[in-house]
Amino acid sequence: MNPIWQPFTQMKTSPPPLKVHRGKGVWLELEDGQKILDCISSWWVTIHGHSHPAIADALYQQAQQLEHVIFAGFTHRPAEQLAQKLLTHLPPQLTRVFFSDNGSTAVEVALKMAFQYWRNQGEPQRTTFITFEGGYHGDTIGAMSIGAGSTWWQPFCPLMFPTKQVPFPATFDDDPSVDAKEAQVLEQIAQLLNHERDRIIGIFVEPLIQGAGGMRMCRPQFLQALAALARQSHVLLIYDEVMTGFGRTGELFACLKSATTPDLICLSKGLSGGCLPLAVTVATEAIYQAFYSDEATHAFYHGHSYTGNPLACATGVVSLELLEQDPQAYRNLEALHRQYLDQWLRDHPRLEQFRVCGTIAAMEIKTEDESGYFNAIAPLLKARFLAAGFLLRPLGNTLYIMPPYCITAHELETIYQVIHEVLSQV
Ligand SMILES: *Cc1c(COP(=O)(O)O)cnc(C)c1O
């Protein structure tokens, strides 16, 4: 009997998990010797490839120095270095770094901070967030509440708090109705802010790309208009960059690429270079100052046993250095995606709605079934890709490629070739 109960897996109907023996760069090697190209950076975390020697070395050095320490009343060099270094890359208004362990907790921290920010300032009636259809922010109850209420979460609905949900103006190459979609959403948000401004805490959004919702992309100008609306109405703008951070969008952060500044930003996934669980929620000085008080109850009472773990922070510092040393690694991928998309898939009769943002390419598979995560095509394709030696996990009928930045042009092209091949057979 296998004692392990796996995440996001129907244990009865799923094939048994593959045993991974080692990983190197973009390659995973199974115990039976089979090699698999990791086309999705494992769960979107492995930005520099597997078992990067510089990250492994930093981890080893730090493990001999200090593996962990309580993070209340104590601090350490790796956390300080990482916080300082991060801030040099974020908009200057973001000044305070709060550590946690994973994307969902980074989001919970942002939710609680935003909520308490208004309470500490005598506005406890602000209890509602504006959120987006198709959004995904994690699997804890708070993070689920501001997510899109997907089919996965139906059983938990009675536990979740309500939000004001608006459509996401998802777009793709040559989308004729993008302007109309954006205008409609912005109008709806403006209406909400007009009528209920005093009840709204802020707007929670995955900037530029909604990840688990199906790699749905919006234009930078939409975020600029959204940021302007939030600023005019004095509500908080909160960016969940758990997935879009650390080069994914072709720039270090989606906020930089879109030239917008949120009041809170959530980061995780690529933060440690994909090596250890680590997350931060970074706040503006104004938010920090709303907690900075002689009043004990105005403090932010939140923390985890492993908050600010030195090993994870040490890998985070090295990961950021690697990104600084070679920004072309993540900047070059967009042009390659577009080249191979045109060459191999653009004219495929089964594919539509092509879109590329930085290191991520996505498209829809046309099927007779209703679109969505439970679409039957996903497990079938996943199995075919695996058999061919490629780790690709379609989200319903959305097919996407999100490789580690160290992938070579040739390796990337083989992904497009295998998609072309497999789609011609199903
Ligand atoms: C993955 C993800 C999360 C949740 O992060 P976990 O580390 O899996 O808890 C939150 N937000 C976004 C946008 C994500 O992609």
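Numbering of ligands and ligand atoms starts at 1, following listing order.
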Looking at [Y] and [X], is any side-chain nitrogen of the basic one under 4.0 Å from a carboxylate oxygen of the acidic one?
{"X": "Arg126", "Y": "Glu123", "result": "yes"}
{"X": "Lys35", "Y": "Glu29", "result": "no"}
{"X": "Lys257", "Y": "Glu334", "result": "yes"}

Please write down residue, atom name and distance for the protein heavy atom closest to atom 14 (C) of ligand 1.
Lys269 NZ, 2.9 Å
How far is atom 7 (O) of ligand 1 from its nearest protein heavy atom, and which residue and atom is that?
Gly103 N, 2.8 Å
Going by the atom numbers of ligand 1, which of them fall below 4.0 Å from some non-hydrogen atom of [X]?
{"X": "Trp44", "value": "15 (O)"}
{"X": "Met243", "value": "15 (O)"}
{"X": "Asp240", "value": "10 (C), 11 (N), 12 (C), 13 (C)"}
{"X": "Glu206", "value": "13 (C)"}
{"X": "Gly138", "value": "4 (C), 10 (C)"}

Answer side chain, backbone, both or neither: which part of Asn102 comes under 4.0 Å from ligand 1, heavy atoms only.
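Under 4.0 Å from ligand 1, Asn102 contributes backbone and side-chain atoms.
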Contact check, Ser104 vs ligand 1, heavy-atom distance below 4.0 Å
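Ser104 counts as a contact of ligand 1 under the 4.0 Å cut-off.
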For the rings on His302 and Phe300, is their centre-to-centre separation under 6.0 Å?
yes
Is the NZ or CZ atom of Arg355 both under 6.0 Å from the centre of the six-membered ring of Phe172 and within 45° of that ring's axis?
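Here Arg355 fails the 6.0 Å and 45° test against Phe172.
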So, Thr307 versus Asn309: side-chain donor-acceptor pair below 3.5 Å or not?
no
Between Trp118 and Ile201, is any pair of side-chain heavy atoms under 4.5 Å apart?
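Yes, close enough: below the 4.5 Å cut-off.
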